[in-house]
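Working notes, beginning with the structure itself.
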Amino acid sequence: MSENLNLFTSTQEVVKEAVKKLGYNEAMYDLLKEPMRLHEVRIPVKMDDGKVQVFTGYRAQHSDAVGPTKGGIRFQPNLTRDDVKALAMWMTLKAGVVDLPYGGAKGAVICDPRDMSKGELERLSRGYVRALSDVMGPEKDIPAPDIFTNAQVMAWMMDEFSMIREQNQPNFITGKPIVLGGSEAREQATAVGVTTIIKEAAKRKGIEMNGARVIIQGFGNAGSFLAKFLYEAGAKVVGISDAHGALYDAEGLDIEYLLDRRDSFGTVTTLFDETITNEELLELDCDILVPAASSNQITYENADAIKAKIIVEAANGPTTAEATRVLTERDVLIIPDVLASTGGITVSYFEWIQNNTGYYWSEEEVMEKMTEKLVAAFHDVYDAAEMRQIDMRLAAYMVGIQKTAEASRLRGWV
Ligand code: NAD
């Protein structure tokens with residue numbers, strides 16, 4: 001069968017159903033099905049060889065009905081305008097799920113940072129901010145790191161914005177280094193958040209974390225930190241993978257060794273002679289399966305063969321709508337991406353509050369506040385799914401879009 005593998009249109013389909021189930025009219029869906037604004041800019045950058053290269057940049061702002069928009073900036077070679085639009089929409093849903101006073105946004109520059117020098121990256125980062133400084137800002141649209149951007153890129157961007165505004169503006173951007181106003185715990189936030197959500201899901205499914213068998217697809221930033229935290233929580237990580245292959249041991253893998261040996265791109269399986277494929281890994285026996293690599297990994301084709309009792313989407317869009325239907329019918333609990341990976345935006349929100357007030361919190365304080373928000377979000381979505389007899393994805397979309405829809409209605413937009 002042919003499935004919809006387009007992230008933008010498949011996201012729109014779920015948003016449409018959520019808006020309808022919440023009782024809003026067609027005009028509300030018309031407003032929310034696309035970002036309110038999509039900026040496209042050309043960024044000239046002087047390269048190290050003296051020549052000028054012109055890059056294309058995007059900033060999609062989905063909705064500012066609730067408050068300023070918020071979302072990361074990626075530097076990525078193969079990305080379409082539709083991808084940026086879908087990602088901005090997801091940020092609205094994530095902010096809504098954890099109840100933050102934001103709408104969603106996403107930015108991107110089409111480039112391959114792995115082929116660029118540090119100086120070129122700095123000039124590109126500053127160029128992006130110059131091109132978009134009038135449409136972004138602490139009360140308008142607040143960026144953060146994403147794929148192939150990091151705290152250093154955030155520091156350059158914050159500095160450029162501060163120079164344009166002629167005053168220090170740490171609240172312009174989150175994910176900064178600590179000395180420039182970054183928050184404690186921002187770096188591990190996503191993985192700690194996913195771990196928190198997994199613990200709550202396991203409780204609801206009657207699975208003991210101690211000894212729970214976990215498979216994680218992807219061993220990059222998200223997957224590797226996650227393996228560490230789940231291992232520390234007593235789980236038995238029986239399988240992991242990267243883009244080159246997968247490792248499986250029913251007795252549990254030596255996570256400390258694998259963490260020590262992985263390279264900065266999240267590759268580790270190339271060190272082993274006996275590997276299996278990613279496709280085989282997904283179908284092996286486990287309690288909890290965490291896709292933490294890329295989209296469209298669990299489809300109608302392999303959904304029937306999945307043995308996990310819980311699937312937690314640490315990656316964006318790893319399970320198709322058809323696979324969600326098949327697995328939900330089999331009573332597999334799928335924790336959707338817009339709920340599972342909200343740790344990052346939550347701590348980004350805390351960073352912005354700390355910047356706005358000038359009062360900085362300890363790591364324990366940040367962790368405690370984040371856990372509180374994520375546990376509440378998990379139960380809000382779980383209870384909505386139970387009450388309405390719908391899957392967790394639709395429930396998360398309903399919880400996630402409700403505030404933005406209601407704010408749009410009250411403002412008189414629809
Ligand atoms: P990363 O680039 O650090 O790592 C990606 C990992 O996945 C690597 O181990 C790579 O080898 C592996 N991989 C790539 N393609 C694969 C494939 N087809 N099959 C199996 N493995 C494959 O990326 P990351 O930051 O860990 O992000 C992974 C996913 O999690 C993405 O979907 C991302 O959007 C999502 N995510 C990440 C964060 C974060 O804070 N890092 C936050 C939210 C969501």
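Every number for a ligand or one of its atoms is a count from 1 in the order of the listing. Side-chain atoms are counted along with the backbone in the values below, which use heavy atoms only and exclude waters and symmetry mates.
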Practice item. Please could you name the atoms of ligand 1 that Ala315 approaches to less than 4.0 Å, counting only its heavy atoms? Key: 29 (C), 30 (O), 32 (O), 35 (C)
Identity and distance of the protein heavy atom lying nearest [atom]:
atom: atom 20 (C) of ligand 1; value: Asn278 OD1, 3.1 Å
atom: atom 8 (C) of ligand 1; value: Phe265 O, 3.6 Å
atom: atom 29 (C) of ligand 1; value: Ala293 O, 3.5 Å
atom: atom 28 (C) of ligand 1; value: Ala292 O, 3.3 Å
atom: atom 11 (O) of ligand 1; value: Ala243 N, 2.9 Å
atom: atom 6 (C) of ligand 1; value: Gly220 N, 3.6 Å
atom: atom 37 (C) of ligand 1; value: Ala222 CB, 4.1 Å
atom: atom 23 (O) of ligand 1; value: Asn221 N, 4.4 Å

Review point. Given the rule in the salt bridge (charged side-chain N to carboxylate O under 4.0 Å, His left out) test, do Glu232 and Lys228 qualify, once you have shown the distances and angles that lead to the verdict?
Key: CA-CA 6 Å; Glu232 285 169 3; Lys228 178 176 186 288; 3.2 Å; yes
Point to revise | Ser294, Pro318, Gly343: member with heavy atom nearest to atom 17 (C) of ligand 1 | key: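 Answer by nearest heavy atom: Ser294.
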Check your understanding: Between Gly266, Ala340, Ala314, which one has a non-hydrogen atom sitting closest to atom 9 (O) of ligand 1?
Key ->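 Going through Gly266, Ala340, Ala314 one by one, Gly266 has the nearest heavy atom to atom 9 (O) of ligand 1.
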Review point. Counting heavy atoms only, which part of Thr190 comes closer than 4.0 Å to ligand 1: side chain, backbone, both or neither?
Key: side chain
Exercise for review: Of the side chain and backbone of Gln217, name the one, both, or neither that has a heavy atom under 4.0 Å from an atom of ligand 1.
Suggested key: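 Near ligand 1, Gln217 shows its side chain, while the N, CA, C and O stay back.
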**Study point:** Side-chain heavy atoms of Tyr58 within contact of Leu79, under 4.5 Å
**Key:**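 In short, these two side chains do not touch, never coming nearer than 4.5 Å.
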Review point. Heavy-atom distance under 4.5 Å between the side chains of Gln61 and Pro35, does that happen here?
Key: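 No, every pair of side-chain atoms sits at 4.5 Å or beyond.
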Review point. Taking the six-membered ring of Trp361, is NZ or CZ of Lys369 closer than 6.0 Å to its centre and within 45° of its axis?
Key: yes
Polar side-chain atom of [X] near backbone of [Y] as donor-acceptor pair, under 3.5 Å:
X: Gln354; Y: Tyr360; value: no
X: Lys309; Y: Val332; value: no
X: Thr92; Y: Gly104; value: yes

Is the closest N or O pair between [X] and ligand 1 shorter than 3.5 Å?
X: Phe219; value: yes
X: Lys94; value: no
X: Ser341; value: no

Check your understanding: Would Lys176 and Asp159 count as a salt bridge (charged side-chain N to carboxylate O under 4.0 Å, His left out) if you check the C-alpha gap in whole Å, the side-chain angles of each, and the deciding distance to 0.1 Å?
Key -> CA-CA 11 Å; Lys176 300 176 294 295; Asp159 184 64; over 6 Å; no
Point to revise | Contact bool for atom 2 (O) of ligand 1 (protein heavy atom, d < 4.0 Å) | key: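 Given the 4.0 Å cut-off, atom 2 (O) of ligand 1 does not count as touching protein heavy atoms.
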Check your understanding: When you look at Arg204 and Glu200, which way does the salt bridge (charged side-chain N to carboxylate O under 4.0 Å, His left out) test go after all the steps?
Key -> CA-CA 6 Å; Arg204 290 276 189 145; Glu200 295 307 305; over 6 Å; no
Check your understanding: Quick one: does Asn316 get a heavy atom under 4.0 Å from ligand 1?
Key -> yes
**Study point:** Side-chain H-bond candidate by donor/acceptor type, Asn302 with Glu283, under 3.5 Å
**Key:** no
Exercise for review: Check step by step if side-chain hydrogen bond (donor to acceptor under 3.5 Å, both in side chains) holds for Thr319 and Glu313.
Suggested key: CA-CA 8 Å; Thr319 320; Glu313 297 182 337; 2.6 Å; yes
